[in-house]
There are 2 protein chains.
Amino acid sequence: MVRLANNHISIDCVVLGFDGSNLRVLLVKRSGKDENGEYNDMKLPGSLIYQDEDLDEAAMRVLHELTGVKDVPLQQFKTFGSKDRTRNLRDIVWLERAQQAHVERIVTVAYFAIVKLDAAMQRLVNRESAEWVPVGEVGTLAFDHNLIIAEALKSVRREVENNRSILFDLLPKKFTASQLRTLAEIIHGKELDVRNFHKKISQMPYVVPLEERQKGVAHRAARYFKFDRKIYNTSR
Amino acid sequence: MVRLANNHISIDCVVLGFDGSNLRVLLVKRSGKDENGEYNDMKLPGSLIYQDEDLDEAAMRVLHELTGVKDVPLQQFKTFGSKDRTRNLRDIVWLERAQQAHVERIVTVAYFAIVKLDAAMQRLVNRESAEWVPVGEVGTLAFDHNLIIAEALKSVRREVENNRSILFDLLPKKFTASQLRTLAEIIHGKELDVRNFHKKISQMPYVVPLEERQKGVAHRAARYFKFDRKIYNTSR
DNA sequence: ACAAAAGTGTTTAATATACACCCATGA
DNA sequence: TCATGGGTGTATATTAAACACTTTTGT
């Protein structure tokens with residue numbers, strides 16, 4: 001049994017991926033019983049803090065346990081400590097069963113992470129009772145996790161404003177101009193002109209065109225691009 | 001005696017004001033004894049969380065107790081929970097005396113507030129064993145409070161980028177163009193061209209020129225301006 | 001008269017926006 | 001040959017940046 005720092009402080013992770021047309025958030029399944037019998041719903045991956053770890057370490061641990069990946073940059077974005085964030089009876093019962101102790105209030109420090117939603121990540125769906133849910137289709141989650149996701153999206157948008165390289169963390173290594181544009185449109189919340197967007201890409205030295213093109217598509221094959229982080233870091 | 005939610009979660013406030021040429025941060029004095037005898041140093045105003053209050057409420061309470069002002073917008077910007085943020089022996093002894101209990105770790109949720117450093121605020125210096133210290137002259141503080149201030153300044157800079165009205169919260173009701181420019185230079189960390197700055201002001205409908213001018217200065221008297229929040233809110 | 005800060009325009013460069021048609025490919 | 005999405009250029013408007021001298025006031 002791991003020693004906890006205490007049972008008042010937790011972290012939750014909003015892990016975001018991009019499937020080519022939608023942003024998706026990684027949720028874990030939760031089940032229990034309440035006055036209406038058994039229920040199944042979902043929550044953000046999270047954990048209480050262990051005795052010997054920092055907040056950031058706890059967030060990395062949760063992400064690593066769930067996805068197997070290490071070294072994913074996690075960013076703390078907000079702490080939620082409303083006294084009625086555990087107002088829902090179902091949540092209280094679930095917590096006290098999980099912790100086998102009376103729980104008064106849990107303050108949670110929320111992190112977001114940006115990952116490439118590749119085949120390995122997709123496989124989580126079965127293996128870990130986790131699921132990649134499009135952010136537009138997230139149902140009612142445990143605790144205030146819907147609020148946490150909403151705030152995460154705001155923070156991600158702000159972050160992208162002053163660090164464009166985050167967009168490329170969401171894309172596969174090779175991507176088309178229209179994938180990049182679709183993603184940018186989702187993040188900025190508005191449509192972007194195709195020609196102006198191509199112009200902009202061509203002025204970004206760190207978005208390098210490849211010779212490789214799409215295959216087997218029923219239309220003109222799109223060129224692939226890659227993101228060159230070295231050039232990005234030196235070019236500003 | 002007030003009931004605490006627990007002794008693991010606190011809030012700290014980075015309260016910032018502008019004296020016309022420097023940003024200043026509000027610090028409170030701390031004294032105690034360590035192996036070298038008595039010491040006096042400073043810390044950020046802060047508090048553990050009470051049983052019946054949210055994080056934001058705790059921050060407002062601390063600010064109100066110290067300054068007497070209510071309704072100052074406080075903004076949560078980061079949570080500090082490194083396990084060695086209470087690494088310093090002096091801090092541990094001080095905490096355990098203050099709380100009369102063993103303390104393992106305290107996670108603190110940090111807020112910043114922006115206030116007008118007017119005469120009433122200045123008077124705090126004596127009355128409350130508090131002091132307005134220029135951010136460039138802050139010595140070594142308790143805990144990780146130097147780090148917290150540094151992060152607060154980063155957050156304020158980011159905030160000002162997408163909400164210019166914050167600048168005007170730091171200025172007196174009537175201010176000159178050069179006060180506004182000096183403040184903007186401090187926040188942005190670079191000098192601004194005087195002519196371009198005047199041009200920009202004149203294009204901001206919410207910065208309204210007054211007929212009143214400086215008096216008794218040994219040079220051409222500067223015009224005063226005021227900030228009109230109504231116009232600001234409707235003009236974008 | 002002088003010291004000290006206030007105030008004032010123009011030119012140029014960079015960036016953002018609007019807009020319509022042809023191209024390549026598989027079915 | 002048709003349906004589908006890929007790819008391209010020019011003109012205009014907006015915003016940012018560079019730059020030097022005159023004005024007002026108290027001492």
Side-chain angles (χ1 to χ4, degrees), chain A residues 18-22 157 160-164 167 171-172 174-226 232 235-236, chain B residues 18-22 157 160-164 167 171-172 174-226 232 235-236:
Chain A
F18 177 65
D19 66 8
S21 48
N22 288 296
R157 289 188 176 108
V160 170
E161 301 277 307
N162 53 350
N163 181 6
R164 292 183 186 178
L167 282 186
L171 290 169
K174 292 171 187 177
F175 52 86
T176 66
S178 85
Q179 283 177 312
L180 178 55
R181 184 169 47 81
T182 303
L183 179 56
E185 285 173 344
I186 289 174
I187 299 288
H188 295 123
K190 65 174 178 188
E191 299 215 331
L192 298 171
D193 180 89
V194 181
R195 274 179 290 187
N196 291 337
F197 193 76
H198 274 267
K199 202 193 310 169
K200 198 177 267 180
I201 286 178
S202 68
Q203 288 165 203
M204 296 177 179
Y206 47 86
V207 177
V208 306
L210 304 175
E211 286 314 307
E212 193 178 347
R213 284 156 195 279
Q214 283 183 320
K215 278 172 190 160
V217 287
H219 53 77
R220 181 173 172 178
R223 175 188 289 278
Y224 282 115
F225 294 81
K226 69 170 185 178
Y232 180 81
S235 77
R236 71 171 351 245
Chain B
F18 178 64
D19 66 8
S21 49
N22 288 295
R157 290 189 175 108
V160 169
E161 302 278 306
N162 53 349
N163 181 6
R164 292 182 185 180
L167 282 186
L171 290 168
K174 293 172 186 175
F175 52 86
T176 65
S178 85
Q179 283 177 311
L180 178 55
R181 184 168 47 80
T182 303
L183 179 56
E185 286 174 343
I186 289 173
I187 298 289
H188 295 124
K190 64 174 179 187
E191 299 215 333
L192 299 170
D193 179 88
V194 182
R195 276 179 289 186
N196 291 337
F197 194 76
H198 274 267
K199 201 190 311 169
K200 198 177 266 180
I201 287 177
S202 68
Q203 287 165 203
M204 296 176 179
Y206 46 86
V207 177
V208 306
L210 305 175
E211 285 314 306
E212 193 179 347
R213 284 155 194 278
Q214 284 182 320
K215 278 172 188 160
V217 287
H219 53 76
R220 180 172 174 178
R223 175 188 290 278
Y224 283 114
F225 294 81
K226 70 170 184 177
Y232 179 82
S235 77
R236 73 172 349 246

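By convention in this document, chain letters (A, B, ...) are assigned in the order of the sequence lines, proteins followed by strands, and residues within each chain are numbered from 1.
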Salt bridge flag under 4.0 Å for residues Arg157(B) and Glu161(B): no

Given DNA chain D, 5'-ward residue of the pair His198(A) and His219(A), judged by closest heavy atom: His219(A)

5' precedence on DNA chain C between Lys200(A) and Arg220(A) (nearest-nucleotide basis): Lys200(A)

Thr182(B) side chain reached by Gln179(B) side chain, heavy atoms, under 4.5 Å: no

Contact interval (first through last nucleotide) of DNA chain D with protein chain A, 4.0 Å heavy-atom: dA3(D) to dT10(D)

More than 12 heavy atoms of other groups within 6.0 Å of Gln203(A) CD: yes

Rounded distance (nearest 0.5 Å) linking atom CG of Leu183(B) with atom CG of Asn22(B): 11.0 Å

Integer-rounded Å distance: dA16(C) C1' and His188(A) NE2: 14 Å

Close side-chain approach of Leu180(B) to Phe225(B), heavy-atom, < 4.5 Å: no

Backbone N/O of Leu210(B) and side chain of Arg223(B): donor-acceptor pair under 3.5 Å: yes

Gln214(B) CD to dA5(C) P, straight-line distance once rounded to whole Å: 11 Å

Phe18(A) and Ile186(A), any side-chain heavy atoms less than 4.5 Å apart: yes

Position toward the 5' end of DNA chain C (nearest nucleotide), Val217(A) or Ala218(B): Ala218(B)

Sugar-phosphate, base or nothing in reach of Ser178(B), heavy atoms under 4.0 Å: sugar-phosphate

Sequence-aligned protein contact record of nucleotides 9-15 of chain C, with B where the base is within under 4.0 Å of a protein heavy atom and S where only the sugar-phosphate is: BB-----

Nucleotide dA16(C), atom P - distance to CZ of Phe197(A) in whole Å: 13 Å

Between P of dA6(C) and CZ of Phe225(B), the distance in whole Å: 11 Å

Reported OG1-to-CZ distance for the pair Thr176(B) and Arg181(B), which is rounded to 0.5 angstrom: 8.5 Å

Side chain to side chain, Glu185(B) and Phe197(B), heavy atoms closer than 4.5 Å: no

Atom-to-atom span, OH of Tyr224(B) to C1' of dG7(C) - whole angstrom: 16 Å

